[in-house]
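In each ligand, atom 1 is the first atom listed, and ligand 1 is the first ligand listed. Worth saying up front: this structure is predicted, and the values here are computed from it rather than measured.
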Amino acid sequence: MFEADFSVVPRHIAFIMDGNGRWAKARGQERVQGHFAGTQAVIKVVKHAFERGVKYVTLYAFSTENWKRPAAEIDALMSLLVRFLQEHENLFLDNKIRLETIGDLSALPEQVRAGIADLKEKTADFEERTVVVALNYSSRNEILNAAKNYAAAVAAGTESSGTPDWPTFSKYLYTEAIPDPDLIVRTSGELRLSNFLLVQAAYAELYFTRVLWPDFDERELDAALIFYASRERRFGKISEQIQKKTDL
Ligand code: IPE
Ligand code: IPE
Ligand code: MG
């Protein structure tokens, strides 16, 4: 029988959780019901990813562009988030998962910020596993913000002047303490990054599936992991096999 090999797993998987609205529409339901179903998928996927040995899971939950949606949908998304943080606190505590966020939290409703601050504090000492939630996130804003803060540090003399190298500049990104994603998964058949981790994705493997996010489960994650294990990551070098032949 075919035995899947899960010995090579990405250290960091980032998910563009797309298709909640279409999932609901296909069932004659309201979009918000799709978002609720999406939170159920989050639980399954997060648990399974860590069981497979992944260390960081990033979830794109709300983009800066998502403010363009109807107010009722935005409110529902924010309420779902607050509820999720309250009701699934044990997912984090029992599995020793640290909560991190990327994005501009200052524009989020007070209740959301409070819920996040609370769970961040409770999970701050966990080191093995991290869930990063991208909230009011925009990759372009992240870069602009980093440039601004870097320039301010140079002006203040806390950062040396001259051309920055990437390790120095990247410390000013929201992802300062988070390694780059090895694998980016987007559900729902869209083939785009939608302003998500644009610079961190420099050498990520990209996996696109037509499955809608609420239907993405352990099996679908395994399929993405099998895809990942089959890739040869060269980081600009030539294939190892060819290199070996050249060395002979
Ligand atoms: C993704 O599902 C969730 C968020 C962007 C918050 P969508 O709401 O984008 O679902 P579709 O793309 O309309 O199906
Ligand atoms: C990307 O999905 C954002 C999130 C998953 C939070 P969107 O549904 O907002 O992306 P576009 O508009 O189809 O590019
Ligand atoms: Mg969408």
Side-chain angles (χ1 to χ4, degrees), residues 12-46 49 56-85 87-88 99-109 111-113 115-116 130-143 145 173-175 178 181 183-201 204-217 220-221 224:
H12 181 180
I13 309 187
F15 293 96
I16 303 177
M17 310 184 287
D18 201 11
N20 294 351
R22 278 163 281 170
W23 184 91
K25 192 173 177 219
R27 283 163 180 72
Q29 297 177 359
E30 297 295 322
R31 292 180 60 85
V32 56
Q33 289 174 281
H35 294 313
F36 177 75
T39 63
Q40 303 304 111
V42 163
I43 297 165
K44 287 188 214 170
V45 169
V46 164
Y56 294 83
V57 173
T58 295
L59 304 163
Y60 199 4
F62 195 84
S63 74
T64 54
E65 290 78 15
N66 289 147
W67 294 112
K68 295 176 195 156
R69 295 187 179 206
E73 181 172 345
I74 296 172
D75 287 351
L77 278 167
M78 296 298 159
S79 305
L80 262 179
L81 186 60
V82 172
R83 218 176 110 188
F84 183 85
L85 294 169
E87 288 180 7
H88 298 288
L99 175 69
E100 292 268 356
T101 53
I102 52 175
D104 177 11
L105 300 194
S106 69
L108 297 172
Q111 260 199 316
V112 175
R113 282 187 290 150
I116 286 167
T130 306
V131 162
V132 182
V133 184
L135 274 173
N136 192 23
Y137 178 83
S138 148
S139 197
R140 286 180 172 172
N141 286 358
E142 176 181 37
I143 295 163
N145 184 60
L173 297 171
Y174 298 136
T175 49
I178 302 160
L183 174 65
I184 295 181
V185 171
R186 183 170 190 148
T187 54
S188 89
E190 308 298 351
L191 307 180
R192 56 178 171 261
L193 291 174
S194 301
N195 208 1
F196 185 53
L197 299 179
L198 300 182
V199 290
Q200 294 87 343
E205 300 296 328
L206 307 178
Y207 180 81
F208 297 99
T209 170
R210 298 181 77 86
V211 172
L212 303 173
W213 178 254
D215 290 327
F216 196 86
D217 60 8
E220 298 298 338
L221 177 56

Chemist: State whether a side-chain donor-acceptor pair under 3.5 Å links S194 with R186.
Modeler: yes

Chemist: Mind checking whether R31 has a heavy atom under 4.0 Å from ligand 1?
Modeler: yes

Chemist: Please test E142 against L198 for side-chain contact (heavy atoms from CB on, under 4.5 Å), starting from the C-alpha separation and ending with a verdict.
Modeler: CA-CA 10 Å; E142 176 181 37; L198 300 182; over 6 Å; no

Chemist: Report the name of the N/O/S atom of D18 located nearest to the Mg ion (ligand 3).
Modeler: OD1

Chemist: At what distance is the nearest protein heavy atom to atom 10 (O) of ligand 1, and which residue and atom is it?
Modeler: G21 N, 2.9 Å

Chemist: Ignoring angles and geometry beyond distance, decide whether Y60 reaches within less than 3.5 Å of ligand 2 through its nitrogen or oxygen atoms.
Modeler: no

Chemist: Are side-chain heavy atoms of V42 and F15 found at a separation under 4.5 Å?
Modeler: no

Chemist: Exactly one of L135, N195, V133 should register a side-chain contact (heavy atoms from CB on, under 4.5 Å) with Y60. Which one does?
Modeler: N195

Chemist: State whether the number of non-hydrogen atoms from other residues, nucleotides or ligands found under 6.0 Å of Q111 atom CD is greater than 12.
Modeler: no

Chemist: With heavy-atom distances below 4.5 Å as the criterion, would you say the side chains of T101 and Y137 are in contact?
Modeler: no

Chemist: For ligand 1 and R69, I'd like to know whether there is a polar contact (N/O to N/O, distance under 3.5 Å).
Modeler: yes

Chemist: Can you establish whether the number of heavy atoms outside R27 located under 6.0 Å from its atom CZ is more than 12?
Modeler: yes

Chemist: Looking at atom 2 (O) of ligand 1, what's its closest protein heavy atom, distance included?
Modeler: N20 N, 3.2 Å

Chemist: At under 4.0 Å between heavy atoms, which part of A61 makes contact with ligand 2: side chain, backbone, both or neither?
Modeler: backbone

Chemist: With the side chain counted from C-beta on, respond yes when I178 and H12 share a heavy-atom pair under 4.5 Å apart, and no when they do not.
Modeler: yes

Chemist: Looking only at protein heavy atoms, identify the closest one to atom 9 (O) of ligand 2 and say how far it is in Å.
Modeler: N66 ND2, 2.9 Å

Chemist: Just to be sure I read this right, does ligand 2 sit under 4.0 Å from the backbone of R186, its side chain, both, or neither, counting only heavy atoms?
Modeler: side chain

Chemist: List every atom of ligand 1 that sits less than 4.0 Å from any heavy atom of H35, numbering the atoms from 1 in the order shown and giving each element.
Modeler: 3 (C), 8 (O)

Chemist: What residue and atom, counting heavy atoms only, is the protein's closest point to atom 14 (O) of ligand 2, and at what distance?
Modeler: S194 OG, 2.6 Å

Chemist: Below 4.0 Å from ligand 2: does a non-hydrogen atom of R192 turn up there or not?
Modeler: yes

Chemist: Closer than 4.0 angstrom: is that true for some heavy atom of R22 and an atom of ligand 2?
Modeler: no

Chemist: Would one find more than 12 heavy atoms of other residues, nucleotides or ligands at under 6.0 Å from atom CD of E73?
Modeler: yes

Chemist: Using a 4.0 Å heavy-atom cut-off, say whether M17 meets ligand 1 through its side chain, its backbone, both or neither.
Modeler: backbone

Chemist: Can you say whether the rings of W213 and F216 are parallel (under 30°), tilted (30 to 60°) or perpendicular (over 60°)?
Modeler: parallel

Chemist: Yes or no: does S188 have any heavy atom under 4.0 Å from an atom of ligand 1?
Modeler: no

Chemist: Using a 4.0 Å heavy-atom threshold (strictly under), name the region of F62 that reaches ligand 2: side chain, backbone, both or neither.
Modeler: backbone

